[in-house]
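The structure appears below as structure tokens.
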Protein chains: 4
Amino acid sequence: MRQTIKKESIRLFGENGFKETSIQDIVQALHVTKGTFYYYFSSKEELLTEIHFEFIDNLVEQIDEIASHTTKKNHQKLVDVVRLMVINIKSERSSGNILFREMRHLGENSYTEIARKRYEVRERVEGIIEEGIRDGEFRANLNSSIVSLGILGIVNWSYQWLNPEGKFSPEEVANIFVDMILHGVLLQEEDNR
Amino acid sequence: MRQTIKKESIRLFGENGFKETSIQDIVQALHVTKGTFYYYFSSKEELLTEIHFEFIDNLVEQIDEIASHTTKKNHQKLVDVVRLMVINIKSERSSGNILFREMRHLGENSYTEIARKRYEVRERVEGIIEEGIRDGEFRANLNSSIVSLGILGIVNWSYQWLNPEGKFSPEEVANIFVDMILHGVLLQEEDNR
Amino acid sequence: MRQTIKKESIRLFGENGFKETSIQDIVQALHVTKGTFYYYFSSKEELLTEIHFEFIDNLVEQIDEIASHTTKKNHQKLVDVVRLMVINIKSERSSGNILFREMRHLGENSYTEIARKRYEVRERVEGIIEEGIRDGEFRANLNSSIVSLGILGIVNWSYQWLNPEGKFSPEEVANIFVDMILHGVLLQEEDNR
Amino acid sequence: MRQTIKKESIRLFGENGFKETSIQDIVQALHVTKGTFYYYFSSKEELLTEIHFEFIDNLVEQIDEIASHTTKKNHQKLVDVVRLMVINIKSERSSGNILFREMRHLGENSYTEIARKRYEVRERVEGIIEEGIRDGEFRANLNSSIVSLGILGIVNWSYQWLNPEGKFSPEEVANIFVDMILHGVLLQEEDNR
DNA sequence: AATGAATGAGTATTCATTCAT
DNA sequence: TATGAATGAATACTCATTCAT
């Protein structure tokens, strides 16, 4: 039941927002009563916190695994990270949207910790960029910090518009993004850097 | 007074969210009473609608101007659009965040219209990409639609983290983004496309 | 278990109040579950009722014993009653506070019966006063009814402030009260009644 | 309206208790809505706090006036205090009962301050006793502290049972109490201290 | 142009109680 | 004996909105 509630809440929070979804909405969708909700969760905030942690912990773990790989080239790592996050949309779109939108409703401590974990994600990407520069894979004059934020912008933003059932599958979109990030949009002979 | 209310509301909605900001909060910050608010706006939603339209109309207009330029190269147009939107953060950050986050609170009609206008922005960017491909400025195998969404992801996401008073100015960030979008991250000699 | 529950409940009701103490609080303090509580008591009210009866029945019995003594002088009986009730605080403070504060939560029948038993206590004290007047021990112009309520006020109120571990022991306090009740506060030669 | 709400709340809290009286009960009795209540009071606790302060401040002031009188004999002051508090029941019974019973529902700060003010009342009575001892009006071996608590027990307890419309008027009761406190219950010739 | 009193529908949360196992 | 899941009614409180002045 705890899992059922969480799953339905993720759907509703993701679709309509945390504030906009009442406990009533959640239990109604599950044909149980408010009492049941509060038997499993001590507050709406606790539920939200758990949703946040489950999503971010899983993400950090997967990205860590990619980033800490010892034999892979860095551009391959970058490709893997982008693919991971975009393809994640298929199963975790709502959770992602909740993370990107509802953090402010966390309690102070959880907020801080989630913020730190989000920063870890950014650091891993930055690390890949920096190492790639050192290894001569990436252009030397890249600002790793801002470029990472750009890359994360591309993938995070796709949680807002990418419909897994739509014209382009997450896999196709991920490939297009990867190509764009690696090579840019310009034709080489017109390169007027 | 109408402008004063709108300005303060943009600040509060941007900072704390639409649902999270009560009419009380707004009028209290302005040292007036609720009655005053309702003398100028017929509802909270009307205020939100107006904020949305003012921001998006202005944006569409500026982007239109860039896109419809007849002599500029397309890669220059792309640069201009990115610069416009990122530098916009200096003066319109809150409005931008409201647009990206609070659309769901609009009435049905306004929602549709705002969505159409947001789509127009996307179309202009797509148009620039497509024309650039035709003109041989951009790589031929780009998916203009997804690439545009990627570019918009980069710039829109920066509304979330870019602090105009921070280490990197919006101008610098815009330049880094432009460079990244045009050339990608790879070094050419290592290009293993 | 029944006794354990009752004992813990007396402590909690006495400390925090009947309404303020939830069944959850009680069973949590005992490391059992709500089901267990309802196995032993059919309702919170039943528990409260039992607490009331146990305390008042015991009190009435002890006071009856004092009052029905055939050889003791009445002023000695009065002394005994005051001592009994004040020294009771050592072991029964919580029960006493519950009786004085939570009667309204009893069911109608229990309420009536407890009220009758409390009245019996009052009657015994009144009886001692009246008999003492008849026997020439007490002043003839005393209003036995109001004086009794005064005496009960002194002792009952001490349940609110008398800390058995405090500066004055219940025994000392009882002696001071007895002296005060018997002789008043005035010096005789200054008596200006 | 603020006064109306307060007055009705005093009645209801005094009769049925703070916890037992819902905001619903209060506004229903006044034929207004919950919103109205919260227009005038920010919380139930604020209302309770105000009730406490109004009662205790008024009481402290009146007792201060009596205690600080320069020409009155101390036994007369004691008489005045008892009369004041008992006769108060006519107009302030509910407020008194609230003070004696519902303090625990105050916020921490208010609680502390009210406790201090209640202690002031006790100090004034103690002061009268002590001064009376020094002046040779009262018996020298009185424990002023415990005796004061006894006297306050008599008067405070009467808030629980004294019905202003009953057989004995507050004035009569006050006189009986005064007589009892000053002279005790024993006949002098039988005095076996 | 502005106020402030009043509303009523909605929100998160609590809690005594039930009951199948 | 004891558990733990589930209930549903009640509670304090919020808030957008109305309206007479």
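Letters A, B, ... are given to chains in the order of the sequence lines, protein chains preceding strands, and every chain is numbered from 1.
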In whole angstroms, the gap separating C1' of E/dA16 from CG of C/Leu47 amounts to 13 Å
Between CZ of C/Arg2 and C1' of F/dT1 the distance, given in whole Å, is 14 Å
Please lay out, stage by stage, how A/Asp25 and A/Ser22 fare under the test side-chain hydrogen bond (donor to acceptor under 3.5 Å, both in side chains). CA-CA 5 Å; A/Asp25 293 335; A/Ser22 69; 3.3 Å; yes
Stems for DNA chain F (at least 3 consecutive Watson-Crick or G-U pairs, under 3.5 Å) come to E:2-21 with F:2-21
Using a strict 4.0 Å threshold on nitrogen-to-oxygen distance, state whether D/Lys19 and D/Glu102 make a salt bridge.
no
Applied to residues 37-49 of chain C, the salt bridge (charged side-chain N to carboxylate O under 4.0 Å, His left out) test, sequence neighbours excluded, yields C/Arg2-C/Glu46
Interatomic distance, CD@C/Gln28 vs CD1@C/Ile23, rounded to 0.5 Å, equals 12.5 Å
Note: for D/Met1 and A/Gly35 on DNA chain E, the residue whose nearest nucleotide lies more 5' is D/Met1
Test ring pair (Phe, Tyr, Trp, His ring centres under 6.0 Å), reference C/Phe41, set C/Tyr39, C/Phe37, C/Tyr38, output is C/Phe37
- So do A/Lys117 and A/Phe53 actually touch side chain to side chain, heavy atoms under 4.5 Å? yes
To the nearest angstrom, the NE2-P distance between A/His105 and E/dA12 comes to 11 Å
Under 4.0 angstrom between B/Thr36 side-chain N/O and E/dA2 OP1 or OP2: no
To the nearest angstrom, the OH-P distance between C/Tyr39 and E/dA20 comes to 17 Å
note: B/Gln28, atom CD; F/dA16, atom C1'; distance rounded to Å ~ 15 Å
Is any side-chain heavy atom of D/Asn97 less than 4.5 Å from a side-chain heavy atom of D/Phe13? no
Protein-nucleotides 11-13 of chain F N/O pairs under 3.5 Å:
residue: F/dA12; atom: OP1; partner: D/Lys44; partner atom: NZ; Å: 2.7
residue: F/dA12; atom: OP2; partner: D/Ile23; partner atom: N; Å: 3.1
residue: F/dC13; atom: OP2; partner: D/Tyr38; partner atom: OH; Å: 2.8
residue: F/dC13; atom: OP2; partner: D/Lys44; partner atom: N; Å: 2.9
residue: F/dC13; atom: O5'; partner: D/Tyr38; partner atom: OH; Å: 3.4
residue: F/dC13; atom: N4; partner: D/Lys34; partner atom: NZ; Å: 3.1

So, is D/Tyr40 near the phosphate of E/dG4, with a side-chain N or O under 4.0 Å from OP1 or OP2? no
note: B/His31, atom NE2; E/dG4, atom P; distance rounded to Å ~ 14 Å
- State plainly whether the residues C/Glu8 and C/Arg11 are in salt-bridge range, i.e. N to O under 4.0 Å. yes
request  = Kindly assign one of parallel, tilted or perpendicular to the pair A/Phe18 and A/His105, based on the angle between their ring planes and the thresholds 30° and 60°.
outcome  = tilted
